[in-house]
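Below: one structure, written as structure tokens.
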Protein chains: 4
Amino acid sequence: MRVNLEARAAAAENRKAQTRERLLDAAVAVIGEKGPDAASIEDFVAAANVSRGTFYNYFPTTEDLLRAVRRKLIDALTIVLDAHLPSSIPAAERLATRLHSHYALVSSDPAWGWVVMRLEATRLGRTNAMEVSLDRMYQEGVATGVFRDLDPVAVRSVIFGTSRMVQRDILMGLAPPGHQERVVAILLTTFGLPPQEAERISAESARRAAEIQAKSRQRAA
Amino acid sequence: MRVNLEARAAAAENRKAQTRERLLDAAVAVIGEKGPDAASIEDFVAAANVSRGTFYNYFPTTEDLLRAVRRKLIDALTIVLDAHLPSSIPAAERLATRLHSHYALVSSDPAWGWVVMRLEATRLGRTNAMEVSLDRMYQEGVATGVFRDLDPVAVRSVIFGTSRMVQRDILMGLAPPGHQERVVAILLTTFGLPPQEAERISAESARRAAEIQAKSRQRAA
Amino acid sequence: MRVNLEARAAAAENRKAQTRERLLDAAVAVIGEKGPDAASIEDFVAAANVSRGTFYNYFPTTEDLLRAVRRKLIDALTIVLDAHLPSSIPAAERLATRLHSHYALVSSDPAWGWVVMRLEATRLGRTNAMEVSLDRMYQEGVATGVFRDLDPVAVRSVIFGTSRMVQRDILMGLAPPGHQERVVAILLTTFGLPPQEAERISAESARRAAEIQAKSRQRAA
Amino acid sequence: MRVNLEARAAAAENRKAQTRERLLDAAVAVIGEKGPDAASIEDFVAAANVSRGTFYNYFPTTEDLLRAVRRKLIDALTIVLDAHLPSSIPAAERLATRLHSHYALVSSDPAWGWVVMRLEATRLGRTNAMEVSLDRMYQEGVATGVFRDLDPVAVRSVIFGTSRMVQRDILMGLAPPGHQERVVAILLTTFGLPPQEAERISAESARRAAEIQAKSRQRAA
DNA sequence: TATGAATGAGAGTTCATTCAT
DNA sequence: CATGAATGAACTCTCATTCAT
């Protein structure tokens, strides 16, 4: 009897998680297409194939859903990177790989890209996990003498601003072939690397990012 | 009789223009606060203190209003610059001044900054007047040997992306003192100027931008 | 568990049908009073005592409602007749009974009459079920030699036009006693019957139509 | 000086009448196209090329306009007939000609036809000038022994109902060639004429109606 | 009188949220 | 927990009518 109850509880737990997952996936798809402002709860529940009422069992407010979506998406990137970007790699290469991984994910999963971009523009405050991580990489580069010692806040504006613009270009189909490589190379020269080396590292990192993505996909399958 | 009619028509024309201006000003205020997606026509007419119906006498659709607002705002910047940024100034200085003027306007008129930023993210296609103008300045710099010969599309991503981020930082109060100067200096080094000269030009251009703004204000008053 | 779910679904289905019926009944009342053009959704929901939003759960557009109303009303007549007008009755008698049944329903249920009349004049294409049915009766009469062999289209204009006018007279209280009997008799002579017989058949058919209506009412009760 | 004043007053009077006429013509055109319910004052003034305010100087309420329009249209028919349908013609011929004139006008000026039909369905009470006139013709026919002595109210239902239906058929393009002739012939047999003679009179009257219309057009030109 | 900008009541429509089942 | 019918506030848009010029 007890076993039965426990099993049932576990099954219920499982179903719950599944429904939640379905709602999140649906939300990503819907937001990617219509944007977070135009998307209605009706759209979410229709795409997730659950009832209106069920939605509220999982997300008391729309904002809760958006936060959860954002978390899910950021995790998607972080997992890819954390698993495959050892800290033994030098700072410049790591920073470049980090950026290329982002662009690669945007290219291969535009829905992901749109949602991340659109959620940034919303009332939800920003997550700074990414800022912190990039800041650290830059400081490492300064410490090892490959990066110039620039003001961290200014650097952040340059990296994030440029990256968001590149992301937008990719999503809108405005990025010519090789755009990402060139932009990352420019950023590396900005940080102090000689042009030639910057280009080499950018190209190399693009390749590494592609490999990481491929591996992480194998794993998922 | 004829004079009378003409005078009447002129007066009517005048009143019309005033109402339109009231609506545009109100729209700037409202959009700056709530964003173009959350703003309702109700908000606009309440802020402009006109009736619902009047709105439609001027703007058949909300999009028409947004376009008019954007035009008005871009004109605000362009007029300032066109009047006071002679093409005799070398490319690096002009580019830097252009950016600093933009930041100065954002700082002194945050509503302007918010609206410009938020309108960029909307369905309205973007105006490329600014792109073209900056592209030209960069090419001039390349021609005169002060800028490296980089891919124009990549350069554009860096300039616009970084600028938008700086604008956001200013608007959110996240820009520390001197932020703009440092970022512009970094951009100039990216384009090939030696760090010291880049910093000098950035600081100088910031000063020039402030002067231009002051002059244009005097004029308005 | 399953029984429970099924019962629940059935109950829900039932409630839905009730609401729909409430809306349709309300629509008949409202349209009968104001006409389909002047009637607003507000009127419908107020008369049905449901909320604005509920309306749209049932009828995406006003036209959908009008179509449903028309269907409901036409069914009301057709059901009565189909059940009680055996085809064994000769053509002249059947045609006359058909007309008198229509008039009887208009007299006893003016709302029905108004709505049918007003819906005819609307953008909704007309139902031709009635046309076809009357055409057939007339042709039968021609085949059995009781009716003259007149152009069917012309006959249709006479029957329908006259009937609509009689209906209007009844609804506006302009029909003197015996009006229907006299008009139907005239139509029968038009179609070739001798005056005396036409009058006899018209009177008889009026009686039969009354009986049919009485029976169908008993049944409903 | 006095002459001047008088001349000016006359000119003013003239302009007033012209404006009114312009509004009425515009209303006929607009109502014919959109129907009296869908037509807005905006439509009227735009078509008449006068200002909104002017409209109210001529027609305090929309109903006033509709009444005036109806009057104008009915006059259009009456003028045609009164001028050219001498009372010396026998009753059957006159009645038939009257009907054919109506159909001819509908055919040659559909806007006229639509407006007359649509105005009938409106809240404006009906004009009974036409009823009275047709009643009289029928009674004359009875007195001279060509028509059967039928109930006048019933006759009226048959004539008007059928005529309205024919009008609708013409306007909707549903009337086959010769439809009007056949229907009028049927009506004449209904009233007691032998079929052959009915057909002859109908055909003849159709010709006469066409002539009358042609003459009245010459005159207008 | 003629004008047309301004008005605001009211119609149509959407959608987040509640709640009985 | 899941469901989905019901709700009503909020929004967009139309149009007859007014009124200062």
Side-chain angles (χ1 to χ4, degrees), chain A residues 12-13 15-16 19 38-46 49-63 65, chain B residues 4-5 7-20 22-23 38-45 48-62, chain C residues 1 4-5 7-20 22 38-45 48-62, chain D residues 12 15-16 19 38-46 50-63 65:
Chain A
E13 215 39 51
R15 247 182 304 132
K16 260 184 76 169
T19 304
S40 71
I41 289 184
E42 168 65 28
D43 294 327
F44 296 145
V45 301
N49 212 29
V50 300
S51 76
R52 270 176 151 60
T54 300
F55 179 89
Y56 288 91
N57 288 334
Y58 291 92
F59 304 102
T61 76
T62 307
E63 190 171 320
L65 172 69
Chain B
N4 216 336
L5 277 176
R8 186 194 298 173
E13 216 43 50
N14 200 23
R15 248 183 305 130
K16 254 186 93 163
Q18 273 182 17
T19 305
R20 197 188 140 90
R22 277 234 302 286
L23 272 167
S40 70
I41 289 180
E42 173 63 33
D43 293 327
F44 295 141
V45 301
N49 210 30
V50 300
S51 75
R52 248 177 182 39
T54 299
F55 180 89
Y56 290 94
N57 287 341
Y58 290 89
F59 303 103
T61 74
T62 307
Chain C
M1 207 56 169
N4 216 336
L5 278 176
R8 186 193 298 175
E13 216 41 50
N14 201 23
R15 246 182 309 130
K16 253 185 94 161
Q18 273 183 17
T19 305
R20 196 187 141 91
R22 277 232 304 284
S40 70
I41 289 180
E42 172 64 32
D43 294 327
F44 296 143
V45 302
N49 211 29
V50 300
S51 75
R52 249 174 178 35
T54 298
F55 180 89
Y56 289 94
N57 288 340
Y58 290 89
F59 303 103
T61 75
T62 308
Chain D
R15 248 184 302 131
K16 258 184 79 169
T19 305
S40 71
I41 290 182
E42 169 64 30
D43 294 327
F44 296 143
V45 300
V50 302
S51 76
R52 271 176 153 58
T54 300
F55 179 88
Y56 288 92
N57 287 335
Y58 291 93
F59 304 102
T61 75
T62 308
E63 190 170 320
L65 172 68

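Just so we're on the same page: letters track the sequence lines, and every chain starts at 1. Note: hydrogens, waters and symmetry copies are ignored here, and every other heavy atom, side chains too, is used.
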Rounded distance (Å) that lies between atom P of E/dC15 and atom CG of C/Asn57: 13 Å
Heavy-atom side-chain contact between B/Phe44 and B/Val50 under 4.5 Å: no
B/Glu42 CD - E/dT13 P separation (whole Å): 20 Å
Between P of F/dA5 and CG of C/Asn49, the distance in whole Å: 19 Å
Spacing between A/Tyr58 atom OH and E/dT17 atom C1', to the nearest angstrom: 18 Å
Length of the line joining C/Phe55:CZ and F/dA5:P, which is rounded to integer Å: 16 Å
Closest to the C/Lys16 side chain, choosing from F/dA5, F/dT12, F/dC1: F/dA5
Sugar-phosphate, base or nothing in reach of C/Thr19, heavy atoms under 4.0 Å: sugar-phosphate
Over all atoms of both residues, closest heavy-atom pair of B/Leu23 and B/Ala48: CD2-CB, 3.8 Å
5'-most by nearest nucleotide on DNA chain F - D/Ile41 or A/Val50: A/Val50
Distances for protein N or O near nucleotides 18-20 of chain E N or O, under 3.5 Å:
none

Minimum-distance nucleotide (side-chain atoms of A/Ser51 versus E/dA11, F/dC11, F/dG4): F/dG4
Value in whole Å for how far the C1' atom of F/dT21 lies from CD of B/Glu13: 14 Å
Integer-rounded Å distance: E/dA6 C1' and B/Phe44 CZ: 20 Å
Polar side chain donor-acceptor pair, B/Thr54 to B/Asn57, under 3.5 angstrom: no
B/Thr54, nearest nucleotide to its side chain (from F/dA2, E/dT7, F/dG8): E/dT7
Separation between CZ of B/Phe59 and CD1 of B/Ile41, rounded to the nearest 0.5 Å: 11.0 Å
Atom pair distance, as rounded to whole Å: CZ in A/Phe59 and P in F/dC1: 14 Å
Opposite nucleotide pairing with E/dT21, Watson-Crick or G-U, both atom distances under 3.5 Å: F/dA2
Pairing partner of E/dT13 (Watson-Crick or G-U wobble, both distances under 3.5 Å): F/dA10
Side-chain touch A/Phe55/A/Leu65, heavy atoms, less than 4.5 angstrom: yes
